[in-house]
There are 2 protein chains.
Amino acid sequence: MKFSASKENHLKAIFHLQHEQGIVTTNALAAALQTRPASVTDMLKKLKEQKLLIYQRYKGFRLNNEGKKAAIQVIRKHRLWEFFLVKKLQFGWDEVHEIAEELEHISSKKLVDRLDAFLGFPDTDPHGDPIPDSQGRFLQRRQISLSELPLNKVVQVSAIASQTTEMLELLQHKNIRLGTRLEVRKKFPFDNSLEVKIRNRPPVMLSAQVAKNVLVKDDE
Amino acid sequence: MKFSASKENHLKAIFHLQHEQGIVTTNALAAALQTRPASVTDMLKKLKEQKLLIYQRYKGFRLNNEGKKAAIQVIRKHRLWEFFLVKKLQFGWDEVHEIAEELEHISSKKLVDRLDAFLGFPDTDPHGDPIPDSQGRFLQRRQISLSELPLNKVVQVSAIASQTTEMLELLQHKNIRLGTRLEVRKKFPFDNSLEVKIRNRPPVMLSAQVAKNVLVKDDE
DNA sequence: TTTTAATTTTAGATTTGTCTAAATTTTATT
DNA sequence: AATAAAATTTAGACAAATCTAAAATTAAAA
């Protein structure tokens, strides 16, 4: 499981984008990587070939578990090196990103784990972002209620607070279940109802009561 | 002055080889880099293009000052990272080489200098090799008498201990002067005389008295 | 819903670093 | 000194990662 620097950069960028947007588009990734859409398409084919992402042409893409695991290892390296640069080498937090962009591609797993130990197993990098541990576990992403969710952030349904039959029946009817990926498209302050969008389906409305009981977590 | 990892590897290997052999051959470099002679030739053209070495086809090559400076920076990085890995991350001195081979290509000059300071400006790496400082100065290589020099090691004449006219005249006659690169080809225990070889010239004999007064230093 | 616009993909080229096989040059040997 | 052997270089190919320009597909607008 060793990838070229370019592949690692793509994996990492896709990871971040799908965390924000659920599904990633060619243009978005090209913009994030300062490259051309055609180049992204080329790379997608290779990453799909290596079974790191789910991708159908023209339809967008997202990392599968393998791809996520790989991306998280890169992010772990990046953030540990940033921590090192700031805490040990006295760099300012604002000048470490570029250097960490290079260091993150050093491949030795043992090096990363030793560095982690040397730094005291930090769980947050100098920018406040969580540092995945050596198993790829992030600092807990807490689950929040759908009613607290900001607009247009794609999340995954992680739990249903009220397990009443009526509630479950309603969600069943709207085709929302555990693991469903969705985002809030609009909020109506009048009654706190929400318009929710699930990919490839027409938007659905959810009342404040329902929204309050649908718990979601960050989707990666 | 930023070079690809491959170029840096070539520069470094040439530097080491010319330190031992004075002039470097295509085959020797290919062997050192575990690559093919044809690939070396390709790279030589590029390095010559960038004015990092002196090279005429079929005639061997050596780094010029620019090339040496670049090579020394790579060696500096390599040795500092090795020091870091052993002294800070508890690696064994025998397991750091490969990792340092990757780390040495990280380009930030500031990173290297900060690392150097963090490590307390060490002057020797875990294998006992000297670490160049940020100006590229090595721990001084002392000059020794030609009579103490091991066989087949190419060195440069750095001083003449006895400045008598006779001595200088003799050296003049044999075309040996300050800066001349030479090596000892054979030693005759009978009278401690030496056969000395200067590139592109027939071997010359030097008596023990003369050899004792010719001081040489490592040639890079 | 047709037409237009935006997005995405393909086709073909380019750069860097590498390779093999053949040709050239140098060095060693008879 | 002629020939054989070794070393080196050239010619041509390939893989990875990128690009431009054109074609295909999807999404948006009239």
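We name chains A, B, ... by the order of the sequence lines, and we start the count at 1 in each one.
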Item checked: Between P of dT15(C) and CD of Q50(B), the distance in whole Å -> 15 Å
Notebook entry, point to check: Using the ring of each side chain (for Trp, its six-membered ring), is F84(A) parallel, tilted or perpendicular to W81(B), with breaks at 30° and 60°?
Noted result: tilted
Next item on the list: From the options dT10(D), dT8(C), dA7(D), select the nucleotide whose nearest atom is closest to the side chain of T25(A).
Entry: dT8(C)
Notebook entry, point to check: Think K88(A) forms a cation-pi with F118(A), using NZ or CZ under 6.0 Å from the six-ring centre and within 45 degrees of its axis?
Noted result: yes
Checklist line | Distance, rounded to the nearest Å, where Q56(B) contributes CD and dT9(D) contributes P | finding: 11 Å
Item checked: Footprint string (nucleotides 12-28 of chain D, 5' to 3'): B base within contact, S backbone only, - free, heavy atoms under 4.0 Å -> ----SBBBBB--BSS--
Next item on the list: Report the distance from atom NZ of K45(B) to atom P of dT15(C), rounded to the nearest whole Å.
Entry: 16 Å
Item checked: Nucleotide dT8(C), atom P - distance to NZ of K48(A) in whole Å -> 16 Å
Next item on the list: List the steps and the verdict of side chain to side chain donor-acceptor pair (under 3.5 Å) for H105(A) and N9(A).
Entry: CA-CA 9 Å; H105(A) 302 299; N9(A) 286 336; 3.0 Å; yes
Next item on the list: Let me see the working for S107(B) and E102(A) under side chain to side chain donor-acceptor pair (under 3.5 Å), right down to the final yes or no.
Entry: CA-CA 8 Å; S107(B) 59; E102(A) 284 190 65; 2.7 Å; yes
Margin query: At 4.0 Å (heavy atoms only), tell me whether T41(A) reaches a base, stays on the sugar-phosphate, or touches nothing.
Written below: base
Notebook entry, point to check: So, is N27(B) close to the dT8(D) phosphate, meaning a side-chain N or O under 4.0 Å from OP1 or OP2?
Noted result: yes
Item checked: Euclidean distance, atom NE2 of residue H105(B) to atom P of dT16(C) [Å, nearest integer] -> 18 Å
Notebook entry, point to check: Does NZ or CZ of K46(A) come closer than 6.0 Å to the centre of the six-membered ring of F3(A), within 45° of the ring's axis?
Noted result: no
Next item on the list: Could you check I198(B), L146(B), L170(B) and say which one makes a side chain to side chain contact (heavy atoms under 4.5 Å, CB included) with I176(B)?
Entry: I198(B)
Donor-acceptor contacts under 3.5 Å from residues 24-42 of chain A side chains, at least two apart:
from	atom 1	to	atom 2	distance (Å)
T25(A)	OG1	A28(A)	N	3.3
T41(A)	OG1	P37(A)	O	3.2

Note to self: Between P on dT16(C) and CG on L44(B), what's the gap in Å once rounded to a whole number?
What the structure shows: 17 Å
Next item on the list: Using whole Å, report how far CG of L29(A) lies from P of dT9(C).
Entry: 11 Å
Next item on the list: Would you classify F61(B) as touching base, sugar-phosphate or nothing, given that sugar-phosphate means primed atoms plus P, OP1 and OP2, and contacts are heavy atoms under 4.0 Å?
Entry: nothing
